[in-house]
Amino acid sequence: MSETLPVSAIKNGTVIDHIAPGQALRIIHLLGLQNSTNKVTIGLHLPSKSMGSKDLIKIESRILSDAEANEIVVFSPAATINVIRDFEVQEKVRTRLPSSMKRVFLCPNSACITHSESVASYFYIAEDRKQIKLTCHYCEKSFDRDQVRVSI
Ligand code: CTP
Ligand code: ZN
């Protein structure tokens, strides 16, 4: 282990490491961890040799689906997702940027139909010069990732 443990090790579950600073709380909402009963440890602005500063989330007794792991890439392309079994890192999950996301984001365009009709939000995802852009399927407007709120 290259870095000292800033928070204690977990027995079974998932560690999401190297999260871009500031994105951990959005990932918490993405995964609905605020409403779950799983034990969760959150580290914000922890020192990191490779990134300077990073966020980190440890979730006891939960394994992410492939879709959930890929959605995390939208918030933090450099995040690493580790599956922990019996205190050992069993797997580093391979991820890729999804091409679209349903339900998670709220369209910032107040005139968008998603605010007046009960339709689930739907955004197309693209990476442009290292910036993640979201385009609403309904109003067709594009936004930077951090302009778009996560529904909770
Ligand atoms: N970890 C944990 N509980 C364990 C084992 C590991 O919380 N029982 C955490 C570590 O603290 C680290 C992450 O899981 O944040 C990945 O562990 P490891 O691969 O050992 O760390 P690094 O070598 O630093 O990972 P990387 O290759 O991603 O830099
Ligand atoms: Zn819209």
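Starting from 1, each residue takes its place in the sequence as its number. Because the structure is a prediction, the values reported are computed rather than measured. Numbering of ligands and ligand atoms starts at 1, following listing order.
- With a 4.5 Å cut-off on side-chain heavy atoms, I81 and T14 count as touching.
- Remark: M101 CE to N70 CG distance equals 10.0 Å, nearest 0.5 Å.
- Side-chain atoms of D55 and I42, non-hydrogen and from C-beta on, never get closer than 4.5 Å to each other.
- The line from CZ of R26 to CG of L31 is 13.0 Å long, rounded to the nearest 0.5 Å.
- At a 3.5 angstrom cut-off on N or O pairs, E88 does not count as close to ligand 1.
- Contact check on R94 versus D66 returns no salt bridge, with no Lys/Arg side-chain nitrogen under 4.0 Å from an Asp/Glu carboxylate oxygen.
- The distance from the CD atom of E71 to the CG atom of L97 is 10.5 Å, given to the nearest 0.5 Å.
- Rounded to the nearest 0.5 Å, atoms CD1 (I16) and CD1 (I27) are 6.0 Å apart.
- Which parts of ligand 1 touch D17 is read off a 4.0 Å heavy-atom cut-off, strictly below it: atoms 12 (C), 13 (C), 15 (O).
- Annotation: side chain of K11 is not in contact with side chain of I84 (no heavy-atom distance under 4.5 Å).
- In the vicinity of H18, heavy-atom distances shorter than 4.0 Å reach the ligand 1 atoms 26 (P), 28 (O), 29 (O).
- Close contacts between ligand 1 and T80 involve ligand atoms 28 (O) [criterion: under 4.0 Å to a heavy atom].
- The set of protein atoms (N, O or S) found at less than 2.8 Å from the Zn ion (ligand 2) reads C107 SG, C112 SG, C136 SG, C139 SG, by chain and number.
- Taking CG of L134 as the start and NZ of K141 as the end, the distance is 15.0 Å to the nearest 0.5 Å.
- Where the criterion is an N or O separation shorter than 3.5 Å, residue side chain and backbone included, I84 fails it with respect to ligand 1.
- Interface atoms of ligand 1 facing A9, defined by a heavy-atom separation under 4.0 Å, are 2 (C), 3 (N), 4 (C), 7 (O), 8 (N).
- Each of the following atoms of ligand 1 lies closer than 4.0 Å to a heavy atom of N82: 13 (C), 16 (C).
- Annotation for ligand 1: atoms under 4.0 Å from non-hydrogen atoms of F87 are 4 (C), 5 (C), 8 (N).
- Annotation: the span from D17 atom CG to S50 atom OG amounts to 8.5 Å, rounded to 0.5 Å.
- Within the 4.0 Å heavy-atom shell around ligand 1 one does not find K11.
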Which pairs would a plain distance check flag for residues 104-129, meaning a side-chain donor or acceptor within less than 3.5 Å of a matching protein atom at least two apart in sequence or in another chain?
from, atom 1, to, atom 2, distance (Å)
N109, OD1, A111, N, 3.0
H115, NE2, C107, O, 2.6
H115, NE2, N109, O, 3.3
S116, OG, I113, O, 3.4
S121, OG, F105, O, 2.6
Y122, OH, S100, OG, 3.4
Y124, OH, H137, ND1, 2.6

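- At least one N or O atom of I10 sits closer than 3.5 Å to an N or O atom of ligand 1.
- Ligand-side atoms of ligand 1 in range of V15: 2 (C), 7 (O), 9 (C), 13 (C), 14 (O), 15 (O), range being under 4.0 angstrom from any heavy atom.
- The atoms of ligand 1 that sit less than 4.0 Å from any heavy atom of V89 are 6 (C), 17 (O), 18 (P), 19 (O), 20 (O).
- Here's the thing with K58: one of its N/O atoms is less than 3.5 angstrom from an N/O atom of ligand 1.
- The local environment of CD in E88 is sparse, with at most 12 non-hydrogen atoms from other residues, nucleotides or ligands closer than 6.0 Å.
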